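Structure record follows, encoded as structure tokens.
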Amino acid sequence: MVWVPLGPQRTDCLTLLHTLHNNSPKMSLEWLVAWSWSLDGLRDCIATGIQSVRDCDTTAVVTVACLLVLFVWYCYHVGREQPRTYVSVNSLMQGTDANGLQNGYVYCQAPECVRCTHNEGLNQKLYHNLQEYAKRYSWSGMGRIHKGIREQGRYLNSRPSIQKPEVFFLPDLPTTPYFSRDAQKHDVELLERNFQTILCEFETLYKAFSNCSLPQGWKMNSTPSGEWVTFYLVNQGVCVPRNCRKCPRTYRLLGSLRTCIGNNVFGNACISVLSPGTVITEHYGPTNIRIRCHLGLKTPSGCELVVGGEPQCWAEGRCLLFDDSFLHTAFHEGSAEDGPRVVFMVDLWHPNVAAAERQALDFIFAPGR
């Protein structure tokens, strides 16, 4: 066999190939030559890669590497988590379907109901939900909620009698019985622009009333005197489909409100009707994280709302904002000829509850969990 030199730089390689051929006659010479060229190509590729890294900005390379490591760790951490059974918190506000009466409201009196039993068990349930939220998302911005849950018993027991939310108190929120219209300006203006729409749908509903029965969808509330009925579109964070179909434009309007509470048990939207001679017993709302908004639909004389000892009157087509975690009451001292006092009530977020806190509170107090 005749060997044709490939060049001086290949002399050692070819000598090795010739030796290997003599020792292993079955080995393919062509395969060995191709293998030699492959090694040279790999060496050139590695050298080119190293040079490319040298030419890059070291800080950028390190940053990308760190991000990749964090992403891999996050995927591993999320992937290995097993689904957990969440503690039920939808019993927070089940006073509407239970037995027992206190402060003009119906309470369930069940030991697992957190509105009726303020104890360490409630704090543990809420803290468990907060931990689950932080594991899924982040602890960032959870300082006030963490503080409030850990010291909830002290907050609720040591609050002055003028303000005592029954379920959850978020610390360090500015507190006042009434809020100005600018607190939630967009939603206030939107509600007032749609005053006639809401009033028309109420009047259609109210035509179904008779002296002998309460129309379907309406709820009778306990009062010392008179009658107080409500028609809920959203009740404790849960939509009432049958009622919403009767007030489609009003229900669609709720979706346009920027600060409406619709995803936790503290959110409600309803039409509230007080007949003449009605007095609602003084009571506290469940939390200070919300502002209760009343849009006056029918406001005869002799009607008054008292929050934290401060009286206010409703006005037709105008919104009245107040913190219902303060001790409050309402009454209608007008005559039968004056007709009922009617307001559209919707719960809005307190303006000083941050976006991250709102998301966490929706998770912690989600209905039906």
Side-chain angles (χ1 to χ4, degrees), residues 103-105 144 148 155-156 159-195 198 221 223 228 230 234 254 257-261 266-274 278-334 340-354 357-358 361:
N103 287 340
Y105 284 89
R144 284 197 300 192
Y155 284 129
L156 296 180
R159 292 296 304 167
S161 59
I162 194 174
Q163 184 191 29
K164 275 192 174 181
E166 295 184 325
V167 176
F168 178 73
F169 178 77
L170 185 64
D172 305 324
L173 278 183
T175 178
T176 180
Y178 294 97
F179 286 80
S180 71
R181 297 163 46 83
D182 292 336
Q184 298 296 2
K185 185 176 180 180
H186 172 272
D187 290 352
V188 166
E189 292 178 348
L190 185 59
L191 286 167
E192 291 179 352
R193 285 199 301 270
N194 287 271
F195 159 69
I198 302 172
N221 300 280
T223 58
W228 172 28
T230 47
V234 178
L254 293 176
L257 301 178
R258 294 176 181 174
T259 61
C260 177
I261 300 178
F266 300 131
N268 301 274
C270 71
I271 296 173
S272 174
V273 180
L274 289 185
T278 301
V279 176
I280 299 177
T281 306
E282 289 184 326
H283 62 282
Y284 302 97
T287 183
N288 66 328
I289 66 172
R290 72 187 187 189
I291 295 177
R292 178 146 285 184
C293 175
H294 282 183
L295 172 65
L297 300 182
K298 290 182 177 293
T299 59
S301 60
C303 299
E304 202 168 89
L305 173 69
V306 181
V307 182
E310 300 180 19
Q312 289 279 356
C313 294
W314 296 276
E316 293 183 2
R318 302 282 289 180
C319 286
L320 182 61
L321 307 179
F322 64 99
D323 183 345
D324 73 326
S325 67
F326 282 81
L327 187 66
H328 63 284
T329 182
F331 53 85
H332 183 354
E333 295 181 335
R341 181 239 60 178
V342 185
V343 298
F344 178 64
M345 184 196 79
V346 59
D347 290 321
L348 309 176
W349 283 104
H350 189 293
N352 293 94
V353 177
E357 292 175 320
R358 295 178 186 183
L361 291 168

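Bear in mind that the values here come from a model prediction, so they are computed numbers and not experimental data. When reading the values below, keep in mind they use all heavy atoms of this one structure, side chains included, and skip hydrogens, waters and symmetry mates.
- Checked by atom type and distance alone, the side chain of T329 pairs as donor or acceptor with a backbone atom of I280 at under 3.5 Å.
- Closest of all the heavy-atom pairs between V343 and G296 is CG1-CA, 4.2 Å.
- Note that OG of S301 is 8.0 Å distant from NE2 of H332, once rounded to the nearest 0.5 Å.
- The structure places SG of C319 at 14.0 Å from CZ of R292, a figure rounded to the nearest 0.5 Å.
- Here the side chains of I291 and P351 are in contact, with some heavy-atom distance below 4.5 Å.
- Interatomic distance, CH2 of W349 versus CG of D187, reported as 13.5 Å (0.5 Å rounding).
- Taking the side chain as every heavy atom from C-beta outward, L320 and Y178 approach each other to under 4.5 Å.
- Here the shortest heavy-atom pairing between L295 and L191 reads CD2-O, 3.6 Å.
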In a table with atom names and distances, give each donor-acceptor pair under 3.5 Å that connects a side chain of residues 302-316 to protein atoms at least two apart or in another chain.
unit_1	atom_1	unit_2	atom_2	d
W314	NE1	H294	ND1	3.1
E316	OE2	T299	N	3.3

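- In this structure, CZ on R181 lies 6.5 Å from CD on E189, to the nearest 0.5 angstrom.
- Under the 3.5 Å distance criterion, the side-chain polar atoms of R341 are matched with a main-chain donor or acceptor of S272.
- In plain terms, the two heavy atoms of S180 and L321 that are nearest each other are O-CD1, 3.3 Å.
- Within the 3.5 Å criterion, the main-chain N or O of N268 finds a donor-acceptor partner in the side chain of D347.
- R358 places a side-chain N or O within 3.5 Å of a backbone atom of V353 that can act as its donor or acceptor partner.
- Using a distance-only test at 3.5 Å, with no hydrogens or angles considered, no donor-acceptor pair links the side chain of N288 to the main chain of S325.
- Between F168 and T287 the shortest heavy-atom distance is O-OG1, 3.0 Å.
- For the side chain to side chain donor-acceptor pair (under 3.5 Å) with R290, the lone residue among T259, D324, D323 that qualifies is D324.
- Residues L173 and R144 are in side-chain contact: their nearest non-hydrogen atoms beyond the backbone lie under 4.5 Å apart.
- The two residues G285 and H328 come nearest to each other via the heavy atoms N-CE1, 3.9 Å.
- Between S161 and Y284, the closest side-chain pair of non-hydrogen atoms falls below 4.5 Å.
- Using cut-offs of 30° and 60° for the angle between ring planes, the H350 and F179 rings count as perpendicular.
- Note that CD of E282 and CZ of F326 are 14.0 Å apart. Values are rounded to the nearest 0.5 Å.
- Nearest heavy-atom pair across E192 and R318 is OE2-CA, 3.4 Å.
- The CG atom of L170 lies 6.5 Å from the CG atom of L361; values are rounded to the nearest 0.5 Å.
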